Each structure stands twice: as C-alpha cells, then as structure tokens.
Amino acid sequence: MTVKITEKMKFSPSFDYIDNGVEHGILSPFETKEIIFKKGQQIADGFKPLSCDIKMLKDIPVKLRDGVTIYTDVYMPTTEGKFPTLIAWSPYGKSAGTAPRYINLFNMLGMGEKWNSGLTKFEAPDPAYWVEHGYAVCNPDMRGIAHSEGDTTMLGSQEAEDGYDLIEFLAKQSWSNGKTALTGTSYLAFSQWYIAATQPPHLTAINPTEGLSDGYRDLAYIGGMADENFIGRLAVNHVSANKDANVKTW
C-alpha cells in the first residue's frame, strides 16, 4: 500500500534558506547563544517595547529519537526559578516575528505592528506577555524547517513523535518546572491533536484555537470538492517549502 501511494508523490528539494536577518526576521541568523533583552527595548521599529527583561536561549539543538536535530528558541524570565513552558509548534519560522511577509500581512489587515513585541511566532503567543507572567515560551523549527535537519512533513504521526520528543526535552531542562502546554491558532491548533494523542508524560495542557478537526473535510476536500489551492499555499508557507511544488491532495 505504501509503495503504491508513494509512486504518485512528487518529492523535490526546498529553495535556499536566506539567512540575512531580513527575509525571516532580524533574529533569524543562526547562532546558538544566550541573549538578554531589556525592559523598554524595541526588537524592531514599529513594534511594542518590551514590558520586562527577557532571556532568550537561541538556536538550542534538540535531538529527536531518530537522530535528527531540530533547533528551537526559548524565551524566559531573567530571574532565578523554574518555569512552565508554552510551546508554539508550526512550520512558519521560529524567528520570523519581524519578517517582511508578516509585517506586510498585518499592515494589510490594518493591525500594524504595535500590538506585539516582534518576538511573536506567527499565530503564536507573544513571549513578552507570557514571560512577564512567569512563563517560558518555546518556538521550535520543525524538522526540515530553516536550519533544522530532516525532511519537512505536514501534519500526522511524524510531527506527533517530534512534538513528544521536544516536550520531554524541555521538561528535563534546569529552568523547567516540568510542566508544558501546546498553544496557538490554526496550524498551531490542529497539530496539537496529533502531539497530545501520543500522551507525552510532561504535557500538562493544550490550548487549540480555530483549528480544524477533520483534515479531509475541513482542509483538503471542503464540501467534497478538492481545495488544491489552499493546500499548495499552506505548503509554500512552510519556511523552506518549494515555491514551485506541484502539491496534490489524495
């Protein structure tokens, strides 16, 4: 069965990832390090000044069960202590809060940038708000996204296993209190169903908002009619997806 299905699939390499500090946000250039942002600081022009000091652990490597390494950013208070962690699982770029594509989108919608700090992953919680309230926020790049190793996937059991591994990694960190939650909108919502179904021991809660419950009826075949345009658009919105991919639905 698997062989017959894969015969119909088209596999193609992703386009080059532009790591210039503009295309994917000013914090996107790869470097594993710790950064301290100070209260009142602006991440970029037009964004909301930070309401508290924030520690950022940037490009932290996380090795998954099959040996693939993904990278994540973690934001947390600068004070001593152990913190619960909110996880924003998606393929949209962990450092893309100031990326032109999102600035343009929010301006088109009349929102501007002042509503968030610029640390916010697309459709995810703003780290500045949650750090001020005593939480850590984890923004991972899934496998195959940006600098994370492996081939990217769109929903399903692979993401579920990877999310499980990330949760258990976070729970073991010295700054963690062992409690984690998945949160976010749309893709960040329906990916939570898959991850939560694997029952990670340290997943305390999920908070899915505006996410589909049936990938066939709500995404691929709405009302029984194929919606290949949106499926293709979703694939291209993956950071490192192929711009010219011939995306098909089955």
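A quick note: this is a predicted structure, and the numbers were derived from the prediction, not measured.
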(request) For the pair Lys94 (side chain) and Ala146 (backbone), establish whether a donor and an acceptor sit closer than 3.5 Å, ignoring hydrogens and angles. (result) no
(request) Look at the side-chain heavy atoms of Ile, Leu, Val, Met, Phe, Trp and Tyr, link any pair under 4.5 Å apart, and say whether Ile87 and Val131 land in one connected group. (result) no
(message) Looking at Phe169, is its backbone amide N or carbonyl O close enough to the side chain of Gln173 to form a donor-acceptor pair, meaning the two atoms are under 3.5 Å apart?
(response) yes
(request) Could you check Glu113 against Asn107 for side-chain contact (heavy atoms from CB on, under 4.5 Å), going step by step and ending with a plain yes or no? (result) CA-CA 8 Å; Glu113 295 83 58; Asn107 284 331; 2.8 Å; yes
(message) Whether the side chain of Thr209 engages the backbone of Gly184 through a donor-acceptor N/O pair (distance < 3.5 Å, no angle test) should be reported.
(response) yes
(message) Can a donor-acceptor pair be found, under 3.5 Å and without considering hydrogens, that links the side chain of Asp162 to the backbone of Asp165?
(response) no
(request) Indicate the atoms forming the closest heavy-atom contact of Ser176 with Ala171, along with that distance. (result) OG-CA, 3.6 Å
(request) Spell out, yes or no, whether Ile167 and Ile206 are grouped together once hydrophobic residues are joined by side-chain heavy atoms under 4.5 Å, including indirect joins. (result) yes
(request) Please round to the nearest 0.5 Å and tell me the distance separating atom CD of Glu161 and atom OH of Tyr194. (result) 14.0 Å
(request) Nearest 0.5 Å please: distance from the CD1 atom of Ile60 over to the OG1 atom of Thr72. (result) 8.0 Å
(message) Is it the case that the ring center of Phe30 lies less than 6.0 angstrom away from the ring center of His147?
(response) yes
(request) Enter the distance from Ser28:OG to Tyr17:OH here, rounded to the nearest 0.5 Å. (result) 4.5 Å
(request) List the atom of Asp126, the atom of Ser117, and the distance in Å for their closest heavy-atom pair. (result) OD1-OG, 2.7 Å
(request) Would you check, one step at a time, whether the test side chain to side chain donor-acceptor pair (under 3.5 Å) holds for Ser148 with Asp141? (result) CA-CA 6 Å; Ser148 291; Asp141 275 335; 5.0 Å; no
(message) Do Leu64 and Arg143 make a side-chain contact, defined as non-hydrogen atoms from C-beta onward lying under 4.5 Å apart?
(response) yes
(request) Could you tell me whether the side chain of Lys114 reaches within less than 4.5 Å of the side chain of Phe47, counting heavy atoms only? (result) no
(request) Evaluate side-chain contact (heavy atoms from CB on, under 4.5 Å) for Lys55 paired with Glu34, printing each intermediate quantity in order. (result) CA-CA 7 Å; Lys55 179 191 293 185; Glu34 178 181 306; 3.9 Å; yes
(message) Under 4.0 Å between a side-chain nitrogen and a carboxylate oxygen: does that hold for Lys121 and Asp73?
(response) no
(request) For the pair Tyr135 and Trp130, name the ring-plane relationship: parallel under 30°, tilted 30 to 60°, perpendicular over 60°. (result) perpendicular
(message) Testing the basics here: between Ala128 and Ser51, what is the closest heavy-atom pair and its distance to 0.1 Å?
(response) O-OG, 3.9 Å
(message) Closer than 4.0 angstrom, basic N to acidic O: yes or no for Lys39 and Asp53?
(response) no
(request) Locate the shortest heavy-atom distance separating Ser191 from Glu159; write the atom from each residue and the value. (result) CB-OE1, 4.1 Å
(request) Look up atom CD1 in Ile195 and atom CG in Leu166, then write down how far apart they are to the nearest 0.5 Å. (result) 8.0 Å
(request) Dump the intermediate steps for side chain to side chain donor-acceptor pair (under 3.5 Å) on Thr183 and Asn207, then the final yes or no. (result) CA-CA 5 Å; Thr183 186; Asn207 179 40; 2.9 Å; yes
(request) Validate the cation-pi geometry between Arg101 and Phe122: distance from NZ or CZ to the six-membered ring centre under 6.0 Å, angle to the ring axis within 45°. (result) no
(request) Drop me the distance from Lys179's NZ to Phe83's CZ, to the nearest 0.5 angstrom. (result) 14.5 Å
(request) Evaluate the side-chain proximity of Leu170 to Cys138: yes if any heavy-atom separation is below 4.5 Å, no if none is. (result) yes
(request) Determine, step by step, whether Tyr92 and Leu188 satisfy the side-chain contact (heavy atoms from CB on, under 4.5 Å) criterion, reporting the C-alpha distance in whole Å, the side-chain angles of both residues, the deciding distance to 0.1 Å, and the verdict. (result) CA-CA 10 Å; Tyr92 298 139; Leu188 289 80; 4.3 Å; yes
(message) According to a hydrophobic-cluster definition based on side-chain heavy atoms being under 4.5 Å apart (Ile, Leu, Val, Met, Phe, Trp, Tyr only), do Ile103 and Leu27 belong together?
(response) no
(request) Might you point out which heavy atoms bring Tyr102 and Ala96 nearest each other, and give the distance in Å? (result) CD1-O, 3.1 Å
(request) With the side chain counted from C-beta on, respond yes when Ile54 and Met76 share a heavy-atom pair under 4.5 Å apart, and no when they do not. (result) no
(request) Determine whether Val22 and Pro100 make a side-chain contact, defined as any pair of heavy atoms from C-beta on separated by less than 4.5 Å. (result) yes
(request) Inspect the surroundings of CD in Glu210 and state if more than 12 heavy atoms from other residues, nucleotides or ligands are less than 6.0 Å away. (result) no
(request) Determine whether Asp227 and Leu219 make a side-chain contact, defined as any pair of heavy atoms from C-beta on separated by less than 4.5 Å. (result) no
(request) Return yes when atom CG of Asp151 has more than 12 non-hydrogen atoms of other residues, nucleotides or ligands closer than 6.0 Å, and no otherwise. (result) no
(request) Taking the side chain as every heavy atom from C-beta outward, state whether Val74 and Val137 have any pair of such atoms under 4.5 Å apart. (result) no
(message) Quiz question: by atom type and distance under 3.5 Å, do the side chains of Gln192 and Trp89 form a donor-acceptor pair?
(response) no
(message) Any side-chain to backbone donor/acceptor pair from Gln42 onto Leu50? Under 3.5 Å, distance only.
(response) no
(message) Please determine whether the number of non-hydrogen atoms from other residues, nucleotides or ligands lying under 6.0 Å from atom CG of Asp45 exceeds 12.
(response) no
(message) For Met56 and Phe37: C-alpha separation, side-chain torsions, deciding distance, then whether side-chain contact (heavy atoms from CB on, under 4.5 Å) applies.
(response) CA-CA 8 Å; Met56 177 188 186; Phe37 298 112; 3.8 Å; yes
(message) Would you say NZ of Lys82 has more than 12 non-hydrogen atoms from neighbouring residues, nucleotides or ligands within 6.0 angstrom?
(response) yes
(message) How long is the straight-line distance from CG of Asn139 back to OG of Ser90, given to the nearest 0.5 Å?
(response) 8.0 Å
(message) Please say yes or no: joined through hydrophobic side-chain contacts below 4.5 Å, possibly via intermediate residues, are Leu86 and Leu203 part of one cluster?
(response) no
(message) Are Thr120 and Pro125 packed together at the side-chain level, in the sense that at least one heavy-atom pair is separated by less than 4.5 angstrom?
(response) no
(request) Quick one: closest heavy-atom pair of Trp175 and Ala136, and the distance? (result) CZ3-CB, 3.9 Å
(request) Establish, yes or no, whether a centroid distance under 6.0 Å links the rings of Tyr187 and His238. (result) yes
(request) Check for a donor-acceptor pair, side chain of Asp59 on one end and backbone N or O of Glu31 on the other, with a separation under 3.5 Å. (result) yes
